[in-house]
Undergrad: 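Structure incoming, see below.
First the proteins, then the strands, lettered A, B, ... as listed; each starts at 1. Computed from heavy atoms alone, side chains included, the values below leave out hydrogens, waters and symmetry copies.
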Amino acid sequence: MNIDFGPELAAFRAEVAAFLDTAPTPAIREAGRKTTSVFAPFEQVMAWQKILHARGWAAPGWPAEHGGTGWSVEQRYVFAEEYWKRDLPPLLPNGLGMVGPLLMELGSDEQKAKYLPGILSGDDYWTQGYSEPGAGSDLAGLSCSAVADGDDYVINGSKIWTTLAHKANRMFMLVRTSREGKKQQGITFLLLDRVDYPGMEIRPIIGLDGIPEQCEVFFTNVRVPQSGRVGAENDGWTVAKALLKHERGGSAQSPAMYRKLEQLRAAAAATPSPNGGTFADDPVFQRDLGELEAEIASYAAFEKMVLTGHPIGRDPAMPSMNKVMSSELGQRVSVLMTRLAGINGLPLQLSALEVGSGFDPLGTAHDLVAMPYYLNSRATTIYAGTNEVQRDLIARTLPVG
Amino acid sequence: MDFTFTQEQTMLREALSRFLGQHYTFEKRRRIVATPAGQSPEVWGQLRDMGLLALPLPESAGGLGGSIVDVVAVAELLGQHLVVEPWLASAVLSAGLLAKRGETRLPALLEGEATAAFAYEEGSGTADLAQVAMRAAATATGHVLNGEKHLVLGAEAASVLLVTARLPDGRLGLFLVDRDAPGLSLRSYTTIDGRRAAHCRFEDVAAGPDALVDADAEAAVAGAVRAATLALCAEAVGAMGALLEITASYAGTRKQFGVPIGSFQVIAHRLADMKLAYVKARSLLLYTAALAENDAASPRDVSLLKAQVGRLGRALGESAVQIHGGVGMTDELSVGHYLKRILFVDTVFGPSDYHLQRVGAAQPA
């Protein structure tokens, strides 16, 4: 057992800090402060990715051969800590965290050469076409169909919860290519070079927070090249499961949680409690904050087991356990945020939330984001496989029944 | 002992349910929320015709002499239909306080030609009267008001505001201020649950001798806030009931893996917990309303109710969203709007944590 606290790490920290202090534009910093979802404000976060990419730091988790940093686990934590300390917007997960690692694992050489550079640079944003109105938890029940025709597939059907599809230029999706045998066996994984193929229609969906983050995408006789297929026809379920593994875990999330905790402490010390003093003096709030920190500590330790390849992290239930822990922690944070915001969380403040609007919020910067963050975070126990489904998967790794 | 609604109350509820079911559909409500005023004169006229504007007022003031149970009986249905009209702010809180004086503006309120707003909250988020710090300084001709009031429901559309402020002698004063009085500025917004409210700033707002409605308003304001708290709890319970029904029916029809999702035990037990939460909240609501009708509801009783409704309501609302999955996260479905109505109720006049702490700290009287 070993944790590296060496002096070269301090030098690395100083190098990271110097860059993060100067590189982001004011709009990028504002976008970070106004991030109320896993998905940061689109224009600013993509601009930020390009800046990071120019420095070679867009993908701390990628291997060096594909343009990653090649950092040690310690360095990745240092980077994440310095990143979150400055409230910078988190890079969007779909490309860097999902389809990129998937292509490294299962893509053809041609696909890697074609797509990885754009994923890394931030020139491309990929929306995820998995769920359908009739296929949510039962993802394998999907029915959006692709029929082979010459060198193409012709797609008909619809996809829903395609995050930021209205901002995307590319899409990865699951389609049904066969209705023979088990439903998992007739699925194919496709990469779409465009989201404006003739016959594609995108409808944004407004969420509980009043923000159109999700979309529904309709396909009517949409013709796409078969060269976008990853893996074999009808073997897309294997590909999909490989991708979900990336979606559900494997990055340094805990520094973001510690930053949220720090922000809660600061807000608590600045917010008068109706019981007198501030919330920082309130024994009930102290106890809840203590419980939150203990849960974050466990999660952070678990995450380090995962990133260092410890047997705990090689558990087949790892992605599901990671997803349940991190989503429920985020929700716990969001509830404490709304408790501090109190009645200042009640006004709907979409203009003030917009980056560059110059619109002063009612209440503090913390009050502004608390309620949207709470409302948006209700989705975290639903997407990427509901926590009910995750618990089923965790239970299956135990000797029950 | 009897906690059922009277025949009159039941008839009123049936009429109101019928009206709201036919003329206050979720789509109609969405259109009302999107209008510049955020409320509907037609709906307000209908509520007047059904007697709801007169209901909470004593007969001596031209009202119907309704009780707190009448208010609860109506408010539950308003919550069940996510009504955004300022019935609570104008007809219950403001008109009730004005009725004590035989105010000349009451007829316009009763006729539905005008509304009034109650400017009370100063940021503490509780019903604690000791938190009212806005000052009313004495002048040669009355008083001058300086300070800020948060979350004044229905302020923009109101013709008058009832404002709480500390008098020079330290007692609580209640002032009647024209909405367009010089020195009063409003920053209006829509709340997360679709109501209109405003942040009001008072800069040397002159309040003449007639403007002081009550020079020792502690008891009257406490009573009005208590009634409003019960009404808000009733709204939340109405929302809980609607969510339980909508969610159970969704779980019975939404199929995944070839079967209704309600057949999965994890969903069925979540629904069972939602029902338990609803029954606990509604039982305590009706019991506390009965206590209040007999002037026997202590502040502690009201805290117990507010705590339970906020806590159980949040849990039920979050479960409703979770069971609906992605579609529960959309603005298009009523589910999230019910959750936000419940969050609103939990947040104002003291959230559940605050009330639980008070209950836990104090010996029963």
Undergrad: For B:Arg195, is it the side chain, the backbone, both, or neither that has a heavy atom closer than 4.5 Å to a heavy atom of chain A?
TA: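 B:Arg195 has no heavy atom closer than 4.5 Å to chain A.
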Undergrad: Examine distances only and state if a side-chain atom of B:Gln256 and a backbone atom of A:Gly136 form a donor-acceptor pair shorter than 3.5 Å.
TA: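 Between the backbone of A:Gly136 and the side chain of B:Gln256 there is a qualifying donor-acceptor contact (under 3.5 Å).
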Undergrad: A:Ile160 versus chain B, heavy atoms under 4.5 Å apart: side chain, backbone, both or neither?
TA: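 Neither part.
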Undergrad: Verify whether one side chain among A:Gln331 and B:Glu318 offers a donor that lies under 3.5 Å from an acceptor in the other.
TA: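 Looking only at side-chain atoms, B:Glu318 and A:Gln331 do not form any donor-acceptor pair under 3.5 Å.
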Undergrad: Give, as side chain, backbone, both or neither, the part of A:Ala135 having an atom under 4.5 angstrom from any heavy atom of chain B.
TA: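 Contact with chain B: backbone only.
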Undergrad: By number, which residues in residues 264-278 of chain A have some heavy atom less than 4.5 Å away from chain B?
TA: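 Residues in range: A:Pro274, A:Asn275.
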Undergrad: Quick check: under 4.5 Å, non-hydrogen atoms only, which of residues 279-294 of chain A neighbour chain B?
TA: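 Counting heavy atoms that sit under 4.5 Å from chain B, the residues of residues 279-294 of chain A involved are A:Asp282, A:Pro283, A:Val284.
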Undergrad: Which one wins on heavy-atom pair count under 4.5 Å against chain A: B:His199, B:Glu332, B:Gln131?
TA: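 Going by pairs under 4.5 Å, I would pick B:Glu332.
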Undergrad: Within the 3.5 Å criterion, strictly below it, is a donor on B:Thr330 or A:Gln214 matched to an acceptor on the partner's side chain?
TA: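 There is no such pair (donor and acceptor under 3.5 Å, judged by atom type) between the side chains of B:Thr330 and A:Gln214.
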Undergrad: Test of understanding: with side-chain hydrogen bond (donor to acceptor under 3.5 Å, both in side chains), list the residues that count as partners of A:Tyr130, not counting sequence neighbours.
TA: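 side-chain hydrogen bond (donor to acceptor under 3.5 Å, both in side chains) check on A:Tyr130 returns nothing, list empty.
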Undergrad: Which region of A:Asn376, side chain (C-beta onward) or backbone (N, CA, C, O), has a non-hydrogen atom less than 4.5 Å from a non-hydrogen atom of chain B, or is it both or neither?
TA: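 Contact with chain B: backbone only.
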Undergrad: When only heavy atoms count and the cut-off is under 4.5 Å, which of residues 333-342 of chain A reach chain B?
TA: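 Listed by number, the contacting residues are A:Val335, A:Thr338, A:Arg339, A:Gly342.
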